[in-house]
Amino acid sequence: MPNCSNWFSPQAADGQRFLHPVQRHGVIITTANGSKLINFSSNDYLGLAQEAKVIHYAANVLHEDGFGSTASRMVCGDHPLLHNFEHEMAAWLHAESCLLLGSGMLLNMGLLPALADRHSLVVCDKLVHASLLDGIKLSAASFKRFRHLDTSHADSLLSSLSSVSSISQTKPQQRKIIVSDGVFSMDGDCADVAGLLSVADKHDAILILDDAHGIGVLGEQGKGCAETMLQHERLLLCGTLGKAFGGYGAFVVGSENMIDGLRQRMRTLIYSTALPPCFAAAASTALDFIKQGILQQRLTENIKYFIDLTQNMPRLSSQTAIQGIVFGSNKAAMQASASLKAQGFFVPAIRPPTVPKNQARLRITISAIHSKDNISALVAALKNL
Ligand SMILES: *Cc1c(COP(=O)(O)O)cnc(C)c1O
């Protein structure tokens with residue numbers, strides 16, 4: 001009989017243990033046993049998580065307004081700093097409106113059920129982030145996954161789903177939604193945003209683009225992989241503050257009508273404690289840095305340096321801060337990660353189901369605050385594996 005001590009088989013937790021960092025300082029992680037590792041796993045692409053000005057402003061707000069937001073925004077958890085950041089983000093991303101959420105996971109799990117119901121049709125890229133997939137499932141919409149980056153497959157799936165459901169003709173207004181990451185979190189490649197938007201046009205659908213890893217990083221102005229298409233009326237753009245912004249929280253931008261509707265309907269907004277004001281303050285300061293573009297430039301140089309040094313390695317084709325080296329078997333990837341750790345580098349092995357079967361890999365993330373020496377030392381270690 002199951003009881004609390006034998007519910008899970010022991011293998012279930014195999015390998016997925018915390019690193020137990022006791023300190024993170026710049027790119028150096030100190031672990032509980034005192035070893036120091038150069039961190040190549042962080043999403044802090046610009047080094048803003050420990051930027052002095054960001055911390056300074058957030059600390060002032062922490063002193064002024066306290067630690068917590070004390071309730072949902074619908075009750076008394078709202079704060080002018082949250083609105084302030086929403087206005088800044090909407091203006092920066094050329095959108096009418098913005099809504100701030102507790103995290104990307106909360107955003108995506110609330111967004112899809114607010115937009116789609118069992119009469120809706122959703123198609124999503126095969127490799128979308130888990131939060132989007134969970135959101136789609138919660139929405140109860142009919143959904144299909146299209147082949148990774150394959151916009152014509154998205155097109156044909158929408159056509160076939162539409163024709164099947166038109167037989168019943170129960171619902172006059174059947175919503176259609178295309179869902180994709182901008183930069184894909186495990187491969188580092190980018191969606192064909194223009195292609196997806198033209199499929200959206202053709203099918204009278206909207207495109208939900210989650211550019212968590214692109215906003216703040218990619219594009220001439222750091223606005224992500226949809227930078228040149230931000231004003232497209234079918235685009236609903238999501239991002240997180242946990243990556244380039246170096247903090248915590250998430251946002252969605254779109255039309256006034258859309259964001260207003262989401263404000264009324266998103267259960268993960270209504271039934272969850274509001275983001276604390278100090279987080280919004282920190283994110284505003286982080287946005288100032290992102291607008292300057294200096295850190296992006298440094299990051300871009302570091303990425304190029306890494307790519308140049310790894311020409312002959314089994315590297316996934318990615319021009320972004322996310323760089324994968326595929327080993328295939330779980331064991332080989334785990335051994336590579338362990339060997340790098342013994343040499344002073346933290347590079348996690350990512351295994352199925354997070355990535356497809358037989359594609360276990362090292363996932364390397366590059367940051368603006370890595371030195372050239374950090375990167376060349378890692379590449380030397382990789383070549384000696
Ligand atoms: C990291 C990530 C999320 C989750 O964001 P959090 O703010 O960390 O919860 C959602 N979508 C994508 C594509 C991500 O990479």
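Remember, it's 1-based here, ligands and their atoms both numbered in the order they're listed.
Evaluated for a side chain to side chain donor-acceptor pair (under 3.5 Å) with Asp187, the options Gln359, His148, Gln323, Arg361 yield exactly one hit, Arg361. Among the candidates Ile290, Asn43, Leu46, the single residue satisfying the side chain to side chain contact (heavy atoms under 4.5 Å, CB included) test with Phe245 is Ile290.
Of the charged side-chain nitrogens involved, none lies within less than 4.0 Å of a carboxylate oxygen, so that Lys243 and Asp211 do not count as a salt-bridged pair. The residues Asp125 and Arg145 are annotated as not salt-bridged, no charged nitrogen and carboxylate oxygen being separated by less than 4.0 angstrom.
Counting the atoms of ligand 1 from 1 in the order shown, those under 4.0 Å from a heavy atom of Ser103 are 7 (O), 9 (O). Of all atoms in ligand 1, numbered sequentially from 1 with element shown, those under 4.0 Å from a heavy atom of Ala212 are 12 (C), 13 (C), 14 (C), 15 (O). The ligand atoms of ligand 1 that sit less than 4.0 angstrom from a heavy atom of Asn108 are 10 (C), 11 (N).
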* Please assess Lys36 against Thr30 for the test side-chain hydrogen bond (donor to acceptor under 3.5 Å, both in side chains), listing each intermediate value before the final yes or no. => CA-CA 5 Å; Lys36 292 195 188 301; Thr30 308; 3.3 Å; yes
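Taking distance alone, with nitrogen or oxygen atoms compared against 3.5 Å, Ser185 stays at or beyond that limit from ligand 1. Not a single N or O atom of Asp181, backbone or side chain, sits closer than 3.5 Å to an N or O atom of ligand 1. At least one N or O atom of Met105, backbone or side chain, sits closer than 3.5 Å to an N or O atom of ligand 1.
Within the 4.0 Å heavy-atom cutoff, Gly104 counts among the residues contacting ligand 1. Distances from ligand 1 to the non-hydrogen atoms of Ser131 include at least one value under 4.0 Å.
Under the 6.0 Å distance and 45° angle rule, Lys341 does not count as a cation-pi partner of Phe346.
Regarding atom 14 (C) of ligand 1, its nearest protein heavy-atom neighbour is Lys243 NZ, 2.9 Å.
Around atom 10 (C) of ligand 1, the closest heavy atom drawn from Asp210, Leu132, Leu106, Thr240 belongs to Asp210.
You'll find the ring centres of Phe184 and His129 outside the 6.0 Å limit.
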